[in-house]
Amino acid sequence: MHSHAPSPLPPDPVSSPGDDREFAWYAGDHHIHTTFSRDAMYSVDDQVRRARECGLDWMVITDHGGPDHAKQSVALQTPLIEQARRRYPVLVFQGMEWNIPGAEHATFIAPEHEDTPALLERFERMFDGDVLAATSNPTGPRLIEHSVQGGPQAEQLGLDALAWLVEELRTGTVGEALVLSNHPMRTGRVSPSKVRGWRDAAPGVFVGWEGAPGHQAAALPAPLGRGRGRGQYDESPGRWSFPGYDLDQYRTWGGFDAATARMGGLWDSLLAEGLPWWITANSDNHFDHGDTVVVGDASRAHYVEHGHRGTPVDSGVVQHGYVDFAPGFYSRTCVGSARRDYPSVMAALRAGRVFVVHGGLVRAVEARVRPGGEGPGVTFGARTSVRRGGDVEVELLVDPAVEPNGSGSLPRSARWDVIVGTVTGRVADTERDLFEAPGTRVVESFEVPAHATGRQRFRTVLRGVADPLYVRFRGSDGRHADADGHPRVDRIGDSDPWDDLWCYTNPVFVDVV
């Protein structure tokens, strides 16, 4: 049995009198493993049930690609996903975790469609890095492992995969898919130029990354925890790591990936090009911290023969070293979707209408950016325009938490920052490894009154806007922020995820005409 009680179901999708929009917020998780992964233990039914108990509206099953998985796992998993869709009131996307040649992992999300399993199987066989490392390249000589770990050949394989996928979507019957980079800074192999290459090779398909990784309980001390970094971000530079990163790039900052959390860092350098690049957060669930369940059959032989790890067993004893939280229990990706259905949720993810939150810090947060201070404004992921020299009104609406989170405490946000960066346009070919945007700045900070209740409204005005820009938002409980309100680098083996809660949003772009 699971040793923690699930967080309560959230209220209905957030809306209040006077809200002028055509969407509601729906919580989800796009990175979840089952017994069909070689290193996880919960059944499909377990994961869907738990996600719903923890208040999720949508989820993606993303079992690891690889040579043993590719033999039969997708086909075996498909009917179980269909059963879970009928049994639980939650949208269950079928996907996979792609081993990107020459880089890290990525979520591959496909719609609910009869041809989705076939698309996943073809893509995995042809382009998964672990499969390619163990089999023959159909267009050339046998690949050895290092050829898919790094170097120009490996990087090109990843781009070839995206080119194939874009063409398959253009001509095929499924018609859409999304890719999101998982734990991008964990090993340093995701260079700035690789990110720009993925974005440019598959616009509208490869749309972003995990702003915050899963495995958030990994820093809790042994023996119950692993005493590692949050997200298991405690690596050092390796052979294929990008040499420009310092060691802090390999750590989380307040539980968020450094590429997202370092203001003026890699994420901001991408946004400064004026192009979409979105963030998410998820559980990367394999084994729940504090759980008593153990894997049914951990042998590789069983996995190779059966395509899964057997039925999980309750040992009755709390297990050591489990590092995850159940889907929705700690991390949530909240999408502003017109409807609660598969196409609408995918469209909202693609559009970047997203905020991400840890530990239930808020129920919802929403921006309204209004050029000239008129009209309903636009929110996360949108683009608007203002006449050169005009003003832009920025309003932030925060709906506070109304129920205790998984730690048993009612969280409250203490501070919200309005972050602005200048859009300078696409980088030159010689600057594709740029990962700094030094002009990014906090233009306004709002302190939340200690006993504030109900919806909170914060407002500022960007006056005399002369250059295109983007606006994004960041909130925290304030307990571990530095003197300027920024997140600190998490300490390895000593960073309780419940004591340092953050919320980040995707940006709004403002063009100048």
Side-chain angles (χ1 to χ4, degrees), residues 30 60-67 69-70 73-75 78 93-141 143 147-148 151-182 184 190-191 193-209 270 273 275-278 280 342-352 426 429 432:
H30 72 74
V60 189
I61 300 295
T62 54
D63 286 308
H64 290 289
H69 180 272
S73 296
V74 172
T78 298
F93 290 89
Q94 187 169 13
M96 64 171 286
E97 186 164 23
W98 173 33
N99 299 295
I100 308 175
E104 265 282 358
H105 304 162
T107 288
F108 183 160
I109 307 174
E112 182 196 28
H113 191 284
E114 62 182 3
D115 291 332
T116 286
L119 175 67
L120 293 171
E121 289 174 330
R122 292 198 305 275
F123 186 84
E124 181 179 14
R125 287 196 301 267
M126 296 172 65
F127 297 112
D128 185 83
D130 283 8
V131 173
L132 292 175
T135 60
S136 296
N137 182 354
T139 60
L143 295 171
S147 69
V148 294
Q153 181 185 8
E155 188 167 347
Q156 187 57 51
L157 285 169
L159 296 176
D160 291 345
L162 293 173
W164 178 90
L165 179 57
V166 168
E167 181 63 14
E168 184 71 14
L169 296 176
R170 187 184 70 82
T171 61
T173 55
V174 171
E176 63 177 332
L178 292 174
V179 180
L180 294 152
S181 175
N182 294 341
V190 176
S191 68
S193 61
K194 285 179 184 176
V195 177
R196 290 184 167 95
W198 299 334
R199 178 199 63 193
D200 296 346
V205 177
F206 208 140
V207 296
W209 60 29
L270 296 168
E273 295 188 71
L275 300 173
W277 191 256
W278 313 132
T280 61
Y342 291 91
S344 298
V345 169
M346 288 193 76
L349 283 168
R350 182 178 294 106
R426 282 183 178 268
D429 289 344
R432 288 178 69 82

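Because only heavy atoms are used, hydrogens play no part in the values below, and waters and symmetry mates are left out as well, while side chains stay in. These figures come from a predicted structure and were not determined experimentally.
Taking the six-membered ring where the residue is Trp, the centroids of Trp164 and Phe127 are separated by under 6.0 Å. In this structure, Trp209 has its ring center at least 6.0 angstrom away from the ring center of Trp278.
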**Q.** side chain to side chain contact (heavy atoms under 4.5 Å, CB included) evaluation trace for Val205 with Leu165
**A.** CA-CA 9 Å; Val205 177; Leu165 179 57; 3.9 Å; yes

(Q) Could you walk me through whether Asp160 and Gln156 satisfy the side chain to side chain contact (heavy atoms under 4.5 Å, CB included) test, starting with their C-alpha distance in whole Å, then the side-chain angles of each, then the deciding distance to 0.1 Å, before giving a yes or no? (A) CA-CA 6 Å; Asp160 291 345; Gln156 187 57 51; 2.8 Å; yes

Q: Would you check, one step at a time, whether the test side chain to side chain donor-acceptor pair (under 3.5 Å) holds for Ser181 with Glu104?
A: CA-CA 8 Å; Ser181 175; Glu104 265 282 358; over 6 Å; no

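Counting only heavy atoms from C-beta outward, the side chains of Val195 and Trp277 approach each other to under 4.5 Å. Here the side chains of Leu270 and Leu275 are not in contact, with every heavy-atom distance at 4.5 Å or above. Side-chain atoms of Asn99 and His105, non-hydrogen and from C-beta on, do get closer than 4.5 Å to each other. Using a 4.5 Å cut-off on side-chain heavy atoms (C-beta onward), Asp130 and Pro67 make contact. Contact check for Phe206 versus Leu180: no side-chain heavy atoms found under the 4.5 Å cut-off. A heavy-atom distance below 4.5 Å is found between the side chains of Met96 and Asp128. For the pair Gln94/Leu120, a side-chain contact is recorded, criterion being any heavy-atom separation below 4.5 Å from C-beta on. Taking the side chain as every heavy atom from C-beta outward, Trp198 and Leu159 approach each other to under 4.5 Å.
Interatomic distance, Lys194 NZ to Arg196 CZ, rounded to the nearest 0.5 Å: 14.0 Å. Ile100 contributes atom CD1, which lies 11.0 Å from atom CD of Glu155 (distance to the nearest 0.5 angstrom). Taken to the nearest 0.5 Å, the NE2 atom of His69 stands 5.5 Å off from the CD atom of Glu124.
Contact check on Arg199 versus Glu273 returns a salt bridge, with a Lys/Arg side-chain nitrogen under 4.0 Å from an Asp/Glu carboxylate oxygen. With respect to Asp115 and Arg122, no salt bridge is recorded, no charged nitrogen being found less than 4.0 Å from a carboxylate O. Using a cut-off of 4.0 Å between Lys/Arg side-chain N and Asp/Glu carboxylate O, Arg432 and Asp200 are scored as salt-bridged.
Taking the side-chain contact (heavy atoms from CB on, under 4.5 Å) definition, one finds that Glu114 meets it with nothing, sequence neighbours left out.
The two residues Met346 and Ile109 have their closest heavy-atom pair at CE-O, 3.9 Å. Here the shortest heavy-atom pairing between Ala70 and Val131 reads CB-CG2, 4.2 Å. When all heavy atoms are compared, the tightest approach of Phe93 to Ala110 is CD2-O, 3.4 Å. Heavy-atom minimum distance, Ala106 versus Asn182: C-ND2, 3.4 Å. Taking both residues in full, the closest heavy atoms of Val174 and Thr116 are given as CG2-N, 4.0 Å, listed atom of the first, atom of the second, then distance. Looking at every heavy atom in both residues, Glu176 comes nearest to Pro111 through O-CD, 3.2 Å.
In this model, no donor atom of one side chain and acceptor atom of the other lie less than 3.5 Å apart for Glu97 and Thr107. Side-chain atoms of Thr280 and His30 include a donor-acceptor pair closer than 3.5 Å.
Judged by distance alone, with hydrogens and angles left aside, the side-chain atoms of His64 form no donor-acceptor pair with the main-chain N or O of Trp98 at under 3.5 Å.
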